[in-house]
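Shown below is the structure under consideration.
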Protein chains: 2
Amino acid sequence: MTTRIQRRNRRKILDAALDVFSAQGFRGATLDQIAGVAGLSKPNLLYYFDSKEAMHRALLDDLLDVWLEPLRGLNPEGNGKAEILAYMRRKLQMSREFPRESRLFANEVLQGAPRLGDQIGGDLKKLVDESAALIRRWIAAGQLAPVDPYHLIFSIWALTQHYADFDAQIRMIRDGADPMEGADAYLETLFERLLKP
Amino acid sequence: MTTRIQRRNRRKILDAALDVFSAQGFRGATLDQIAGVAGLSKPNLLYYFDSKEAMHRALLDDLLDVWLEPLRGLNPEGNGKAEILAYMRRKLQMSREFPRESRLFANEVLQGAPRLGDQIGGDLKKLVDESAALIRRWIAAGQLAPVDPYHLIFSIWALTQHYADFDAQIRMIRDGADPMEGADAYLETLFERLLKP
DNA sequence: AGCAGACCTGACCAACCAGTCAAGGTCTCT
DNA sequence: AGAGACCTTGACTGGTTGGTCAGGTCTGCT
């Protein structure tokens, strides 16, 4: 049985933890920082979560579902090129809305995905394999230019997540302007030309 | 005056530090780990470098030059599309040859580039601005399809570095196969179609 | 009101970590 | 060979950090 206070505090803690973990990485984050952002005392964090590790795990558990949702949205009945473009748009929208999640994920994979290995090797791989098979059918049906489906998926990830993950670099180069400005149009053009049968 | 021993040990230390920093991030790395990889004692590291920070700085100082070299190689006299494709190929080759450097850089930018801000805002920005202007001239000359030059550069970075930075993820999805397999051909096609005037 | 259980915290601990230091070993040059 | 600079390290220190605990406060229910 979870109380009102539990719900509120767990949410505050996970939100603060996402802030700090995504900005500093797992080892770089300290409980004191998270406590500061959450506005709670350090022992209080540990009343709600067994350990720093447990907070991180809770975030990652939620993350992969959210992260994969756009890919699940591919409609086998739809037009191949249109479906891929729509997927790309959803993914870019996620980078815009959830940059912290994107960076948390990037941090994790960058360090070899030690705490995410099972899920990537499991759910994610399965979904990607299915999507690749679907893309191959679309190509065979002439709805899509023939490209390697795995590299196509990787390129969508790379291009969309880059705007969240390398935000700091892009901002410095573009004098602090919104890194995403013009990204939609550019990526639209890119995939339109790549995939036109 | 630097001795033979100094050269050898500095090199060993920086190589070990690159191993550890690129895999764990700055705060995640410990001097003991670096010492272990380098095969030296911890106080000995600090005989050659003033601090952990100094090792990291030494790596980053070297890094940016190497990293920007491919972009400097754009030849204003050459054909626009061919030059961009050649740049992409050089950049992909760097991801293949120097994945640790790529990850070191990614770690740094992901965390807001706190120790790299000046250089990114300075040298890098200048070079990118110049390259963007060059790309605009190529477009005006009809050698390149009209695309936003900044997004073009970002997309080259995103696509090539992705293979080094997200190596762990790609390996898991592709059952441990070489992540780069087929990348050349795929990216070649992608940019060929995007940039054809 | 009063009670049981949920919630919260100051003070503390042990492990870890960057960095110091004094003492001893090794290399180089004459 | 021997002096002197260069190199190396075990043992240590002070500060940080994840985590504990005993005891206090608050909340919701009867």
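A, B, ... follow the sequence lines: proteins, then strands. Residue 1 opens every chain. Model, not experiment: these values are computed from the prediction. Only this structure's heavy atoms are used, side chains among them; waters, hydrogens and symmetry mates stay out.
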Salt bridge present between A:D15 and A:R100 (N-O < 4.0 angstrom): yes
Tell me which residues in residues 41-53 of chain A put a heavy atom below 4.0 Å from DNA chain D, sorted by number, or none. A:K42, A:P43, A:L46, A:S51, A:K52
Could you give the CG-to-C1' distance, from B:L40 to D:dC7, as a whole number of Å? 11 Å
Any donor and acceptor pair, going by atom type alone, linking the side chain of A:Q119 with main-chain N or O of A:L116 inside 3.5 Å? no
Under a 3.5 Å threshold, yes or no: a donor from one side chain and an acceptor from the other, between A:Y186 and B:D148? no
Result for side-chain contact (heavy atoms from CB on, under 4.5 Å) between B:F49 and one of B:R10, B:H56, B:R57 points to B:R10
Could you run down the sub-3.5 Å N/O contacts of the protein with nucleotides 24-30 of chain D?
{"residue": "D:dG28", "atom": "OP1", "partner": "A:R4", "partner atom": "NH2", "Å": "2.5"}

Short side-chain N/O contact to C:dC7 OP1/OP2 from A:T3, under 4.0 Å: yes
Assess whether a salt bridge exists between B:R89 and B:D184, defined as any Lys/Arg side-chain N lying under 4.0 Å from an Asp/Glu carboxylate O. no
Can you measure A:M55 atom CE to D:dT17 atom C1' for me and round it to whole angstrom units? 13 Å
With a 4.0 Å heavy-atom cut-off, tell me which residues in residues 8-39 of chain A come close to DNA chain C, sorted by residue number. A:N9, A:R27
Are B:R115 and B:E53 within salt-bridge range, i.e. N to O under 4.0 Å? yes
Between A:D129 and A:K125, is there a salt bridge with N-O shorter than 4.0 Å? yes
Within one Ile-Leu-Val-Met-Phe-Trp-Tyr cluster: A:I173 and B:I135, side-chain cutoff 4.5 Å: yes
Can you see whether B:N75 engages B:Y87 through a side-chain donor-acceptor pair at a distance of less than 3.5 angstrom? no
Has A:Q6 got a side-chain N or O lying under 4.0 Å from the OP1 or OP2 atom of C:dA6? no
Would B:E130 and B:K126 pass as an ion pair if we require N to O under 4.0 Å? yes
